[in-house]
Amino acid sequence: MARKFLYFVAAMIVLAIAALLAYRLFGTDMIRMAMVPRARFEAQREAPRNIYARKILWLARPDKPGNPALWTPPGYMPGRPGTGAAIFFIHPTSYINRDHWNAPIDDPETNARAELFLRGQASAFNEAGDIWAPRYRQATFGAFLTSAAESERALALAYGDVSAAFDRFLKEVGPTRPIILAGHSQGGAHLTRLLRDRIATDPTLRARIVAAYVVGWPVSRTTDLPRMGLPECRTAEQTGCILSWESFAEPADPSLIVDAYDATIGFDGRPRKGTPIVCTNPLTGTADAAAPATANLGTLVPAADLATATMAVGSVPARCADRGFLLIGDGPNLGPYVLPGNNYHVYDYSLFWANVRADANRRLKAFAQ
């Protein structure tokens with residue numbers, strides 16, 4: 001397991017360093033030239049609604065041997081299988097090839113990298129219940145660097161897979177089990193749509209949601225949240241609500257995100273420009289809050305030799321500030337792989353891994369009462 005965690009760390013470092021070096025050397029325009037596919041979008045068949053009955057299409061599910069989402073650092077253990085909530089996790093972008101707008105579903109490198117992300121992110125939820133995480137034809141990294149029509153088509157194809165997987169997830173877990181939804185980055189983007197399309201329109205399903213963790217993707221309080229079926233989490237034991245944050249060390253420069261975000265249209269058809277962003281402080285589980293480093297139950301970090309994983313307790317503070325970004329002070333010393341603008345996007349979960357774990361357990365307990 002220690003070696004598997006090393007692979008996870010290495011994967012995050014490769015992605016972060018590549019983006020950072022490209023930005024420093026070439027600037028935003030050159031990043032787009034280097035990462036955005038030149039090929040035309042390749043129309044593909046929508047995922048058949050029953051295709052996720054095939055176990056091979058799941059990166060994580062309770063009956064998967066070697067389930068990567070069951071990894072834990074020393075001192076932690078997964079919960080007992082078949083108990084607690086059913087957790088649907090949508091992994092972040094692990095496809096960085098520019099040859100296609102969407103990842104091949106069977107690409108071994110992409111799926112291996114996605115499994116590594118599950119170890120560092122989805123694992124935070126494995127005490128609260130069984131984790132299900134589908135493979136999907138995710139949009140490539142470069143799709144998020146352009147406003148080209150192909151980008152929207154790539155994201156729509158990816159979301160179609162996520163929606164089909166969610167159908168199977170619901171069938172597998174039964175009609176009454178509590179549900180936790182979670183995702184990161186591109187996975188968070190697809191989760192916002194899933195909330196809008198499926199949760200907001202189905203009162204019976206909505207009543208089963210313990211919480212939705214839309215992490216690493218901005219959610220507008222004005223144009224998005226009212227259409228997503230759930231309110232934001234204002235208190236630590238609130239259920240049926242949404243948590244969301246994007247982590248920056250200080251001084252923070254979120255301009256790359258803000259500029260792109262302000263050019264988009266919200267779920268209600270109005271521009272997102274200038275609208276406030278949902279900010280949950282994962283240290284407190286409350287909205288628009290501040291907390292000292294002493295409130296941090298554990299940051300997931302590698303040892304100095306990258307051979308093992310340890311928990312750093314009480315090392316990272318957090319406060320919601322400005323437009324809704326989560327500021328973490330100077331930021332932990334993780335080496336030269338923080339993204340431009342002091343953006344700790346890659347570490348949105350691992351910065352607060354133990355607090356996310358406690359948050360999910362606490363809300364599940366409140367839901368059951």
Side-chain angles (χ1 to χ4, degrees), residues 1-15 47 51-96 103-138 161-162 164-166 168-169 171-173 177 179-187 213 298 300-303 305-311 346 349-350 353-354 356-357 360-361:
M1 285 301 179
R3 186 173 297 276
K4 291 179 179 179
F5 183 81
L6 169 60
Y7 295 157
F8 163 69
V9 172
M12 292 199 301
I13 291 173
V14 167
L15 290 174
I51 195 169
Y52 281 92
R54 299 174 59 191
K55 294 182 179 181
I56 195 173
L57 292 181
W58 293 89
L59 294 165
R61 52 180 288 158
D63 56 357
K64 178 182 173 68
N67 185 346
L70 293 181
W71 179 89
T72 56
Y76 293 85
M77 292 289 292
R80 185 162 56 88
T83 64
I87 299 149
F88 187 75
F89 187 88
I90 313 170
H91 71 77
T93 306
S94 61
Y95 183 64
I96 57 177
I105 197 73
D106 58 353
D107 183 74
E109 181 179 354
T110 297
N111 288 323
R113 190 180 292 122
E115 287 192 359
L116 299 174
F117 282 124
L118 294 187
R119 291 188 176 95
Q121 297 180 344
S123 61
F125 299 99
N126 64 27
E127 188 178 8
D130 296 325
I131 297 173
W132 298 71
R135 300 185 188 185
Y136 64 100
R137 290 172 291 180
Q138 60 187 275
D161 286 0
V162 170
F166 187 63
R168 187 65 196 185
F169 164 78
K171 185 172 183 178
E172 293 275 0
V173 304
R177 195 170 180 184
I179 293 171
I180 291 175
L181 303 173
H184 183 252
S185 196
Q186 178 172 173
Y213 295 78
L300 189 63
V301 295
D305 61 0
L306 297 182
T308 58
T310 58
M311 300 297 292
V346 174
Y349 273 102
S350 57
W353 189 91
V356 173
R357 191 175 187 84
N361 293 338

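Residue indices begin at 1 and follow the sequence shown.
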A.B. asks: Going from CG on L300 to CH2 on W71, what distance comes out if it is rounded to the nearest 0.5 angstrom?
C.D. replies: 4.5 Å
A.B. asks: Check whether any side-chain heavy atom of Y76 sits under 4.5 Å from a side-chain heavy atom of M311, and report yes or no.
C.D. replies: yes
A.B. asks: Atom CG in L116, atom CD in Q121: separation rounded to 0.5 Å?
C.D. replies: 11.0 Å
A.B. asks: Say whether, by atom type as modelled, one donor and one acceptor occur between the side chain of N111 and the main chain of P108 under 3.5 angstrom.
C.D. replies: no
A.B. asks: Rounded to the nearest 0.5 Å, what separation is found between the CE atom of M77 and the CG atom of L70?
C.D. replies: 10.0 Å
A.B. asks: With a 4.5 Å heavy-atom cut-off, do P73 and W353 have their side chains touching?
C.D. replies: yes
A.B. asks: Could you pull out every donor-acceptor pair under 3.5 Å between side chains of residues 79-92 and any protein atom, sequence neighbours left out?
C.D. replies:
from: T83; atom 1: OG1; to: R80; atom 2: O; distance (Å): 2.6

A.B. asks: Carefully, step by step, assess D130 and E172 under the rule side-chain contact (heavy atoms from CB on, under 4.5 Å).
C.D. replies: CA-CA 11 Å; D130 296 325; E172 293 275 0; over 6 Å; no
A.B. asks: What's the separation between atom CZ in F125 and atom CG in L181, rounded to the nearest 0.5 Å?
C.D. replies: 10.0 Å
A.B. asks: Under the side chain to side chain contact (heavy atoms under 4.5 Å, CB included) test, which residues partner D63, sequence neighbours left out?
C.D. replies: K55, R61
A.B. asks: Can you measure from CD (E115) to OG (S94) and round to the nearest 0.5 angstrom?
C.D. replies: 10.0 Å
A.B. asks: Between the side chain of R135 and the main-chain N/O of I56, is any donor-acceptor distance below 3.5 Å?
C.D. replies: yes
A.B. asks: Rounded to the nearest 0.5 Å, what separates atom CD1 in I180 from atom CD1 in I131?
C.D. replies: 9.0 Å
A.B. asks: Are Y349 and H184 packed together at the side-chain level, in the sense that at least one heavy-atom pair is separated by less than 4.5 angstrom?
C.D. replies: yes
A.B. asks: Tell me every residue that passes side chain to side chain contact (heavy atoms under 4.5 Å, CB included) with A47, counting only those two or more places apart in sequence or in another chain.
C.D. replies: I51, R137, D161, A164
A.B. asks: State, yes or no, whether a side-chain contact exists between L57 and R168 at a heavy-atom distance under 4.5 Å.
C.D. replies: no
A.B. asks: Within the 4.5 Å heavy-atom criterion, are Y52 and Y136 side-chain neighbours or not?
C.D. replies: yes
